[in-house]
Amino acid sequence: MSVRALVVLTTGAALLIAGCSSAVGGSAAPASSSSPTPPSTAASSAPPSTSTQPATSSSAGTTQATSGGSEKSTAGAITRYEAFLHAVGKEDLATACEIAGPAAKKAEDEGWGPCEQTFPITFQMISAQQKAALRGATVDSGRVTETSSTKVEIPATAIRASVKFSDSDIGDATMAYRGGQWFVIDD
């Protein structure tokens, strides 16, 4: 699966991550198609959220974006992507869907369904050992490419974890700065 599949990690990584293409039951799901067949998933009781705006919390009259990475720099993009990887490792659906919002929305528009329904498929595709490794994963900034002041490319080879991840496991990620926050996008 690929970060686009994941996020790879989703429709995942059809979503993973998102525009995402994934493998379910040993068969590959298309990243996009003129008439995609959405994966079958159980209905979620939570309302779908495909907003590309960062979630916020208010404290002492101030509002802060969740999951770090609000700094408009390559370091900010890396921080946000690491938060995404950790969320995937913890099966933290809310955080994973929030950070992969734009990619998830694109996948939904292509017929894959809302992130909250499709991303759990990604979680099932990741082994317990890989999830544990993702919870502590970091990104090697030396392998990251800033393609513009608002776009950063993070190859799978930049992920540092106790388990080695290949492009076919996670895939490369594109982070875009939108509305004061970094998001995984499907470019």
Side-chain angles (χ1 to χ4, degrees), residues 1-22 41 44-57 64-71 75-108 112-141 144 152-156 158-163 165 169-186:
M1 100 187 111
S2 116
V3 134
R4 288 190 164 164
L6 190 63
V7 149
V8 171
L9 293 176
T10 269
T11 339
L15 186 55
L16 172 334
I17 209 166
C20 306
S21 50
S22 66
T41 61
S44 169
S45 62
S49 169
T50 55
S51 170
T52 58
Q53 297 303 312
T56 59
S57 62
Q64 296 180 323
T66 60
S67 306
S70 60
E71 180 184 331
I78 290 170
T79 297
R80 183 81 155 159
Y81 187 64
E82 287 174 346
F84 173 77
L85 294 174
H86 300 166
V88 171
K90 295 177 199 170
E91 295 189 24
D92 177 352
L93 184 61
T95 300
C97 286
E98 189 258 323
I99 296 172
K105 177 65 175 137
K106 183 175 180 183
E108 182 177 359
W112 289 101
C115 183
E116 291 79 2
Q117 292 179 0
T118 58
F119 217 92
I121 295 167
T122 298
F123 295 150
Q124 295 172 6
M125 297 165 42
I126 304 167
S127 73
Q129 185 180 18
Q130 289 173 316
K131 287 176 190 169
L134 286 173
R135 289 191 291 268
T138 60
V139 173
D140 177 356
S141 62
V144 173
V152 173
E153 301 291 333
I154 303 175
I159 298 170
R160 297 291 175 247
S162 59
V163 170
F165 289 93
D169 292 325
I170 290 197
D172 300 339
T174 301
M175 301 294 291
Y177 194 77
R178 298 179 178 172
Q181 192 63 271
W182 288 98
F183 294 93
V184 174
I185 64 168
D186 183 22

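Residues: numbered from 1 along the sequence shown. Everything quoted here is computed from the prediction, not taken from an experiment.
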Do [X] and [Y] come close enough that some side-chain heavy atom pair is under 4.5 Å?
| X | Y | value |
| --- | --- | --- |
| Thr79 | Trp182 | no |
| Met175 | Ile154 | yes |
| Arg178 | Ile185 | yes |

Which atom pair, heavy atoms only, marks the closest approach of [X] to [Y]?
| X | Y | answer |
| --- | --- | --- |
| Cys115 | Leu93 | O-CD1, 4.1 Å |
| Asp172 | Pro155 | OD1-CA, 3.2 Å |
| Asp92 | Phe123 | N-CZ, 4.1 Å |
| Ala96 | Ala87 | N-CB, 3.9 Å |

Sequence neighbours excluded, which residues qualify as side chain to side chain contact (heavy atoms under 4.5 Å, CB included) partners of Gln129? Ser127, Val163

Across all chains, not counting sequence neighbours, the side-chain hydrogen bond (donor to acceptor under 3.5 Å, both in side chains) partners of Glu82 are none

With sequence neighbours excluded, residues passing side-chain hydrogen bond (donor to acceptor under 3.5 Å, both in side chains) with Lys131: Glu91

Criterion salt bridge (Lys or Arg N to Asp or Glu O under 4.0 Å) on Glu71 and Arg80, from CA distance to verdict: CA-CA 9 Å; Glu71 180 184 331; Arg80 183 81 155 159; over 6 Å; no

What donor-acceptor contacts under 3.5 angstrom involve side-chain atoms of residues 132-141, with partners at least two apart or in another chain?
{"from": "Arg135", "atom 1": "NH1", "to": "Gly89", "atom 2": "O", "distance (Å)": "3.0"}
{"from": "Asp140", "atom 1": "OD1", "to": "Gly142", "atom 2": "N", "distance (Å)": "2.9"}
{"from": "Asp140", "atom 1": "OD2", "to": "Arg160", "atom 2": "NH2", "distance (Å)": "3.1"}

Identified side chain to side chain contact (heavy atoms under 4.5 Å, CB included) counterpart of Tyr81 within the set Ile99, Val184, Val152: Val184

Run the numbers on Phe183 and Glu98 for side chain to side chain contact (heavy atoms under 4.5 Å, CB included), then give the verdict. CA-CA 8 Å; Phe183 294 93; Glu98 189 258 323; 3.8 Å; yes

